[in-house]
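I have placed the structure first, in the form of structure tokens, so that the comments after it can refer back to it.
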Amino acid sequence: METTAQILELSYALDTFYFLLSGALVMWMAAGFTMLESGMVRSKNTVEILVKNIGLYSIACIMYLLVGYNIMYSDSASSIIPTLSFLVSGDNSVEAVIAGGEDAPYYSDISDFFFQVVFVATAMSIISGAVAERMKLWSFFLFAVVMCAVIYPVQGYWSWGEGFLDDLGYSDYAGSGIVHMAGAAAALAGVLLLGPRKGKYGPDGSINAIPGANMPLATLGVFVLWLGWFGFNGGSELKVSDVESANAVAQVFANTNIAAAGGVVAALLFNRLLLGKADLTMALNGALAGLVSITAGPDTPTMFQALIIGSVGGVIAVLSILGLDRLRIDDPVGAISVHGTAGIFGVLAVLWTNPDATLSGQLIGLGVIFAWVFGVSLAVWALIKLAMGIRISEEEEYGGMDQTECGMEAYPEF
Amino acid sequence: METTAQILELSYALDTFYFLLSGALVMWMAAGFTMLESGMVRSKNTVEILVKNIGLYSIACIMYLLVGYNIMYSDSASSIIPTLSFLVSGDNSVEAVIAGGEDAPYYSDISDFFFQVVFVATAMSIISGAVAERMKLWSFFLFAVVMCAVIYPVQGYWSWGEGFLDDLGYSDYAGSGIVHMAGAAAALAGVLLLGPRKGKYGPDGSINAIPGANMPLATLGVFVLWLGWFGFNGGSELKVSDVESANAVAQVFANTNIAAAGGVVAALLFNRLLLGKADLTMALNGALAGLVSITAGPDTPTMFQALIIGSVGGVIAVLSILGLDRLRIDDPVGAISVHGTAGIFGVLAVLWTNPDATLSGQLIGLGVIFAWVFGVSLAVWALIKLAMGIRISEEEEYGGMDQTECGMEAYPEF
Amino acid sequence: METTAQILELSYALDTFYFLLSGALVMWMAAGFTMLESGMVRSKNTVEILVKNIGLYSIACIMYLLVGYNIMYSDSASSIIPTLSFLVSGDNSVEAVIAGGEDAPYYSDISDFFFQVVFVATAMSIISGAVAERMKLWSFFLFAVVMCAVIYPVQGYWSWGEGFLDDLGYSDYAGSGIVHMAGAAAALAGVLLLGPRKGKYGPDGSINAIPGANMPLATLGVFVLWLGWFGFNGGSELKVSDVESANAVAQVFANTNIAAAGGVVAALLFNRLLLGKADLTMALNGALAGLVSITAGPDTPTMFQALIIGSVGGVIAVLSILGLDRLRIDDPVGAISVHGTAGIFGVLAVLWTNPDATLSGQLIGLGVIFAWVFGVSLAVWALIKLAMGIRISEEEEYGGMDQTECGMEAYPEF
Amino acid sequence: MKLIIAIIKPFKLDDLRDALSKAGVHGLTVTEVKGFGRQKGHTELYRGAEYRVDFLPKLKLEIAVAAEQVDSVVETIQQVANTGKIGDGKIFVLDLLESIRIRTGERGSDAL
Amino acid sequence: MKLIIAIIKPFKLDDLRDALSKAGVHGLTVTEVKGFGRQKGHTELYRGAEYRVDFLPKLKLEIAVAAEQVDSVVETIQQVANTGKIGDGKIFVLDLLESIRIRTGERGSDAL
Amino acid sequence: MKLIIAIIKPFKLDDLRDALSKAGVHGLTVTEVKGFGRQKGHTELYRGAEYRVDFLPKLKLEIAVAAEQVDSVVETIQQVANTGKIGDGKIFVLDLLESIRIRTGERGSDAL
Ligand SMILES: Nc1ncnc2c1ncn2[C@@H]1O[C@H](COP(=O)(O)OP(=O)(O)O)[C@@H](O)[C@H]1O
Ligand SMILES: Nc1ncnc2c1ncn2[C@@H]1O[C@H](COP(=O)(O)OP(=O)(O)O)[C@@H](O)[C@H]1O
Ligand SMILES: Nc1ncnc2c1ncn2[C@@H]1O[C@H](COP(=O)(O)OP(=O)(O)O)[C@@H](O)[C@H]1O
């Protein structure tokens, strides 16, 4: 009896610890997005993107604590409308844990909050890259408040919070759709209202390159994200403390890694064949697209299947980047392609290896999430535009946002 | 019987592993300080600050192994004067562990050493930022030897080593005072003897900005520190292997995170209201101040309380930075404010949420640690000044330390 | 009975989790090599080295999955010739695990693959630094395919795969020889065929400095590697779930750390005495040399012994760097010295603290691994040279590889 | 021959180069400079301390031309680089005694 | 009109700009340059290999002035930029044929 | 006195400095510039969008010399900086009215 209790306590401790470390790795992804984005913008907008990133992460944590988490995991009777409540506290008692059985908690609730909160931040980070170099700082922060408090949590409730998408069989392991495509949808809405950076598209239809200022930082960012993704996907198994869970987590780690590798190689080769050069930024986007693609179902494929999924994702991202440019949708870091297009692909790729997923479930999930996030975001961006504007003036854009928004330079001596 | 032993072994393994990972995360903070500081100095002093940081970490590890650890955790009869002994080796036997009971070791002694050693390095890292751009490299290294071998361990003995501060009820969970304020006190002593950088303060009382050369690196540094802090605070629970410990560790992770987030948002808003701009470096210092503030007691507050503590810490750091500049105390990275002022606040903030802490205990603790570290440091810096000087010549300062101390440039091509 | 099974499951989970986290830390080393190398080359070759690094990591993962892992851990009857098979999948069943006993699997096979695959990438990363700034991108990638699919796995089979080197008592805990010296041997073969960078050695025998473009990045790279090494060495114990294993892992962490610290301090002091300056790049190489030196046996020394081993390794690396330059072997980042020379020293240093190691075993191991890797690599490089060339044209070298190979600049605005 | 030095706003470079090519200019040399003049700089703020940035980024073009080209080139610059806002820059004309093409040793207008 | 070119030590810029403003100079253009002269450079050391840095960072100021201002401006520069140590730099005076303000098309001293 | 301005390929700097020292030149000032001329640039590619880089890195040397030195200095530059390939650069010679050493106030050729 006491032995059983001790084992239950130990399991609880291991699963909690696993959760916390996974969450810490996902938190680390915030640094990845920051470095990636600060490397891909021009130096005159670098301080601003740094402020935006550390600010949005902080806002995400606060808003999700205040209301978002409760919305997402509310005990609402309705599978569509969650209930509203505030703040999170308290944790499981020893008694509840050692009671054992199906319903006994097997990890700390606070560790669950910690793991969930960093996911919101990820979704929000996706947006900052797409609207970079032209969106007002404080308008962006305002949107972050709404996104993290309401927009993201509501659709999170529908799927992971046991709402109607869950009931309809939508299968999205760690959130290719729920996190990545959702972030991309909000970004797309913002970008459409915002317009492209000045000079990106010529009046004659030409597409101009606006090279990012610091490629090593962008590369570092991708490595950080790659590492963080082990927490993102690995932690989403939600349990590690028995043989089957441990095997599953191992499979997820290995698949996550190989999908990213496939994305890199596929993007590099594809770019080389199509355009003749080994484009670093495409390789970086390829890695991320591989990661996003596998995220909806990293547990069911074999490593070889994961390799294929990641590779296809890498190619899709490259095509999407080229395509969006043709549509004059300006996304300085490729966030919409990497998280949106590859995210959609990822959700559909689940059908290949997971017999439990259904085409209708996946399509409805994608449609609902996109419609909700895109629609509400568009409305919120529009309201903010009305209230305080979302775009900096042409002169500010020319001089750089660092000067006007932050009053300092990123590299004052160079 | 055998089952119990196995469970004890497994617990021991989990706690040891948890310790080691926490320690690795704290080691990673050395990279954070390095990046932060190398981003906040001018490019001509960048190589030197890099050498200083990797050098001080190494010296800290060596000196703490040779004598520091034994001083800090000595079995002295006196609660004031520790005994001296050298080196650390050996570990717990299987028998001792599976004996079980109150006194049985429940994690590896070497893992404890590893976890402790990286804390000294943290304290030392704090100092390098404050004295940057003007202190002689080898004088600094000499101070590092004394700090890590004696100054830090002695006060560590008084509190964490079960010395008289512990007896007096001084409560400082992971070291807002013992590590951060201690580091800041030594830094303050150094800065007072050293004087400000040439050109920082005009003869007419003006305060001149000396912008750091590389803002993305500084931001990266803060993210690294933020991640490392999960090890710093999370590991300080010293145990994870039962439900209560696991819950406590989870609470610590979540509180650490939200305090940092609060620090960022508070510093950003405060700076924006006070000075009109979203100052990145203040946001970065805000994050760190939030982290330092929660460090003295990350286990007792709710997340909302932690948010408040971190936010207040962030504002305090900004005020302290502005205030120290008015006093012509030149601290290029804000280390004294972030670790010292916010550290003091953190120790006092424990009183809010921890009923076991007493005002007198906290005040005496702060007073004793400050008096000891500041006093002895002042003496040591003064001795070094006499013996070999602590400040580079004016010409060297003008040309940059990289040239004279290291003979190379950080960014030779730009 | 059920309790025993639960304990076995929990142990299995802990060991698997430990393996996965160790592997994730080793994956992180890829970022370290990338930053180190991108900081140590000139800015005109920076994009190319970034592509090389993210590409080689990806290729390593893919090739090792396709064939390498099976070669290295094949069930061949011959202790020299492994058998060939493809892909990896499947994992241990719950039954096999809870059967218990000597032969029962105690961690996930897939986690083992994940841990092993990142080691290949490390070996390959070593090479990219040594051939930097002059080798054709796609020739390098072709070599990476062969190295990761065959060259590395075959010698891995001989030692870790229970082949004849294992039988002969070659003792190399985490691979000072098997990984680091092997990588350096392949690098040396490449460098010999490739020749030095234009301008490195004057016709009059002078040795010219070609300073790296970004010292903070190089330093960041070393900190990343240092952190990653806790996974590299710490994970190589292969088990953490009982008291002895946990103690061993703790010892490995502490020794790894102190060896690196010793390497830094020794290299700094040595360089200061020999050449009068505190050369940052030598300190960085010293850290890595300390890490490489302890890697062959981080479990048997006391911390003080580890300190000595690391320090000697640091000095050896400095001497080796100066020596290779005299031999006109141009290695921009010092990879051959740090991983090769210090790797050899590390394998021999095992004799000091590990009574099970024999001089003959260590020498035969070193000889066989070097002969195999160097010989086959030389042949492969030569074949690639014949087929498509390995060196860029003089004009391309002058203009920088970023332009010709990648078509973009690393820092376009500076 | 004359040496024409033009200080312009950076974003005018591409337009100006195209216009000058059309005006028969086959070569020019550009330098990044900082200009101080009537155009006001801006104030930056670093950790609470304000500082003025008085020097603004400009580009300096040096164009060696045959004497008869001077007027048309000056004209072109003045038209294309003009935004009508303060800080548009200056054109200076200096006498050029000799000019040599390093590759061939050609001298005078042939070297341009 | 004359074009005055001054090569100075970088840390003298702010003082000089203030002094020149007082002396009636309303504009000038600054370039970061590397100077080679009697002032010795220093030796750097990278991975054991020494190399001399012979070129020292200097600033080049270009100031177009009316003929009558030349003497006072040269005088000001010589006084303010002077440290008495080797490497203080040079002042060169060239003849300036014409000067045009791009914004307005003004010519001659009016354009300065 | 004359002011010689030379635009050269960057990798020729060290050789040229040595040769000029031998030719009696005691000082010169170097600026990193971008050149546009007959030499073609190259095309870069960023995320699928091509862009031409027309401006090539060059170095500009400014050398003040006494009148009698002009020919030998020009000669030296032309020989040493010559690679025979397009883009080798130009030498321009301007008249120099006055030159002053800031440190001492010396004037004329003594100041060089
Ligand atoms: N006297 C001068 N000598 C050299 N350069 C000058 C002079 N006056 C102005 N400039 C350059 O021209 C630029 C524009 O001058 P400014 O006075 O700001 O506006 P505007 O050209 O509209 O009169 C300055 O930034 C500076 O680079
Ligand atoms: N003949 C010259 N032509 C052009 N610039 C020169 C010449 N001589 C010196 N300079 C510039 O003046 C700077 C200072 O000259 P230097 O000989 O070092 O000291 P000083 O000015 O005290 O004589 C040099 O760094 C260089 O930029
Ligand atoms: N008319 C000009 N005025 C000023 N600089 C020029 C002129 N023509 C060429 N240059 C400079 O000389 C460099 C070389 O010229 P280019 O026409 O490419 O080759 P070449 O010197 O062989 O004729 C250019 O990059 C530019 O910097």
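Reminder, nothing fancy here: chain letters follow the sequence lines and each chain counts from 1.
- Looking at C:D279, the atoms closer than 4.5 Å to chain E (heavy atoms on both sides) all sit in the side chain, from C-beta outward.
- C:H180 and C:H339 have parallel rings, their planes meeting at less than 30° on a 0 to 90° scale where 60° marks the start of perpendicular.
- The local environment of CZ in C:R328 is crowded, with over 12 non-hydrogen atoms from other residues, nucleotides or ligands closer than 6.0 Å.
- Interface remark: C:I207 contributes backbone and side-chain atoms alike to the contact with chain E (heavy atom separation under 4.5 Å).
- Side chain to side chain, C:W226 and C:T256 fail the donor-acceptor criterion of an N or O pair below 3.5 Å.
- For a residue to count as touching a neighbouring chain, one of its non-hydrogen atoms must lie under 4.5 Å from one of that chain's; by this rule C:L275 touches chain E with backbone and side chain alike.
- Rounded to the nearest 0.5 Å, atoms CG (C:L192) and CD1 (C:I336) are 7.0 Å apart.
- Interface remark: C:L280 contributes no atoms to any contact with chain E (heavy atom separation under 4.5 Å).
- Considering only heavy-atom pairs separated by less than 4.5 Å from chain C, the leading option among E:E50, E:R47, E:E44 is E:R47.
- Using a 3.5 Å distance cut-off with no hydrogens or angles, the side chains of C:T295 and C:S176 do not pair a donor with an acceptor.
- For C:M215, the part lying near chain E is the side chain, with the backbone staying farther off; criterion is any non-hydrogen pair under 4.5 Å.
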